[in-house]
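Here is the structure we will look at.
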2 protein chains.
Amino acid sequence: MLGYLMMNRKSDEEELRELAGDFREALRHSVYLVRRLDAEGELSAAQLSTLKMLLDGGVRVGEIARNLGVRVPSATEQIIKLERAGLARREPDPDDSRAVRVVLTPAGRDAVDSANARRNAVMAGILSSLSEQDRQALAAALPVIGQINASLQD
Amino acid sequence: MLGYLMMNRKSDEEELRELAGDFREALRHSVYLVRRLDAEGELSAAQLSTLKMLLDGGVRVGEIARNLGVRVPSATEQIIKLERAGLARREPDPDDSRAVRVVLTPAGRDAVDSANARRNAVMAGILSSLSEQDRQALAAALPVIGQINASLQD
DNA sequence: TGTTCATCATTAGGTAACCTAACATTTAGG
DNA sequence: CCTAAATGTTAGGTTACCTAATGATGAACA
């Protein structure tokens, strides 16, 4: 009985390790999937990610960086590019003069909408070959993946 | 009845579009998860991916590129780095003198094993907080994601 | 059998997105 | 006050991708 418990515990670890490996493998390949969604004259994935955070109002640079999972200078760099493209604006934060609030311009909002729509359409095309069962399996896993990602936000 | 069918079809498209958006969002965040697995003096993700393909024997440069989802020059670049690090070797292909077969050195095999083990351990740690149900949902989706990725291989 | 066209890999040169370290500015706490 | 912490920006570097051009070999065919 003790032997059984020990075996069982070990088997759980084994399973977890295997799941980890498979998940890593899936994510590795998915990088190329994401890359496939890029288009020539459009927003880059990094720029789109940055702009999407601004949809609900101004966001400080540090918070953008934290949400993007990058360092502050990397966020600044993206923001400068967006500003030069007329898609975002930097404004002084009224509450803290050290800080900067980044806000979306109308052109920025349009750019998010269209880039988002195009990328979703391409992805939907890719997913359209899945069976109903497969779609359900994928849909069921997305909240779990989201939870994993959220737990890493620190 | 016709109305019902039309509504139903449209709802399907809607659902697919929504699934596509959610999947994109999950993958976007997962980039940071993958980045989190990187370690200081270890193989980079690109290098590890490249080496992993060689585990079962010599592979040609073009095939490595195709499997990695990158162009041939990018693969060559990685291979040269691995060669300089003593982890892989380039040999002339006996069947086709234009081609090059890339093979793993013993050191390369060790490097794959240890990098792989470390990364899997970190990932397993992250996944260990999931409920059994969540793990099953994730495990069920991985083959689907694998299928999506495989369908993109061209 | 030679010429031509395709294929395989490398080299050269450029870009995008990240990083750390050093800085200026402003806030907050003894 | 005056020092310490926090916020962004600038400067300089790295990595991993890309396209275009090149050299070398193989394959097709007149």
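Below, read A as the first sequence line, B as the second, and so on, with proteins coming before strands; counting in each chain starts at 1. Worth saying up front: this structure is predicted, and the values here are computed from it rather than measured.
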- Message: On the nucleotide dG8(D), are OP1 or OP2 found under 4.0 Å from the side-chain N or O atoms that Thr76(A) carries?
- Response: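 No, no such contact exists.
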- Query: OP1 or OP2 of dT25(C) sitting under 4.0 Å from any side-chain N/O of Ser97(A)?
  - Reply: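 No, because none of the side-chain N or O atoms of Ser97(A) sits under 4.0 Å from OP1 or OP2 of dT25(C).
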- Task: Report, as a single string ordered 5' to 3', how protein heavy atoms within less than 4.0 Å touch nucleotides 1-7 of chain C: B base, S sugar-phosphate only, - not at all.
- Result: ------B
- Query: Other hydrophobic cluster members with Val103(B), side-chain heavy atoms of Ile/Leu/Val/Met/Phe/Trp/Tyr under 4.5 Å, chained?
  - Reply: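 Hydrophobic cluster check, Val103(B): no partners found.
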Give the table of side-chain donor-acceptor pairs shorter than 3.5 Å for residues 69-80 of chain A, with sequence neighbours excluded, one pair per line with atom names and distance.
unit_1   : atom_1 : unit_2   : atom_2 : d
Thr76(A) : OG1    : Val72(A) : O      : 3.2

- Where at least one partner belongs to residues 99-117 of chain B, residue pairs that pass side-chain hydrogen bond (donor to acceptor under 3.5 Å, both in side chains), sequence neighbours excluded: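 Only Arg24(A)-Asn116(B), Asp93(B)-Arg101(B) qualify under side-chain hydrogen bond (donor to acceptor under 3.5 Å, both in side chains).
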- Message: For a 4.5 angstrom cut-off between non-hydrogen side-chain atoms, does Glu13(B) reach Arg17(B)?
- Response: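 When only atoms from C-beta onward are counted, Arg17(B) and Glu13(B) do not touch, as no gap falls below 4.5 Å.
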May I have the list of side-chain donor-acceptor pairs in residues 137-148 of chain A shorter than 3.5 Å, sequence neighbours left out?
none

Base, sugar-phosphate, or nothing for [X], non-hydrogen atoms under 4.0 angstrom?
X: Val72(A); result: base
X: Asp96(B); result: sugar-phosphate
X: Arg101(A); result: nothing

- For Arg90(A), salt bridge (charged side-chain N to carboxylate O under 4.0 Å, His left out) partners two or more places apart: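 Partners of Arg90(A) under the salt bridge (charged side-chain N to carboxylate O under 4.0 Å, His left out) test: Glu83(A).
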- Item | salt bridge (charged side-chain N to carboxylate O under 4.0 Å, His left out) partners for Arg89(B), two or more places apart |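 Salt bridge (charged side-chain N to carboxylate O under 4.0 Å, His left out) list for Arg89(B), sorted by chain: Glu91(B).
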Please tabulate, one pair per line, all N/O donor-acceptor pairs under 3.5 Å involving side-chain atoms of residues 53-65 of chain A, not counting sequence neighbours.
none

Tell me: [atom1] of [X] to [atom2] of [N], nearest whole Å?
X: Glu91(B); N: dA9(C); atom1: CD; atom2: P; result: 14 Å
X: Asp38(A); N: dT19(D); atom1: CG; atom2: P; result: 12 Å
X: Ile64(B); N: dA16(D); atom1: CD1; atom2: C1'; result: 16 Å

When you compare the protein's N or O atoms with those of nucleotides 15-18 of chain C, which come within less than 3.5 Å of each other, and at what distance?
unit_1  : atom_1 : unit_2   : atom_2 : d
dA17(C) : OP1    : Ser44(A) : OG     : 2.6
dA17(C) : OP2    : Lys81(A) : NZ     : 3.2
dC18(C) : N4     : Glu77(A) : OE1    : 3.1

- Pair Glu15(A) + Arg135(B), salt bridge at N-O below 4.0 Å: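 Looking at Arg135(B) together with Glu15(A), the answer is no, because their closest N to O distance does not fall below 4.0 Å.
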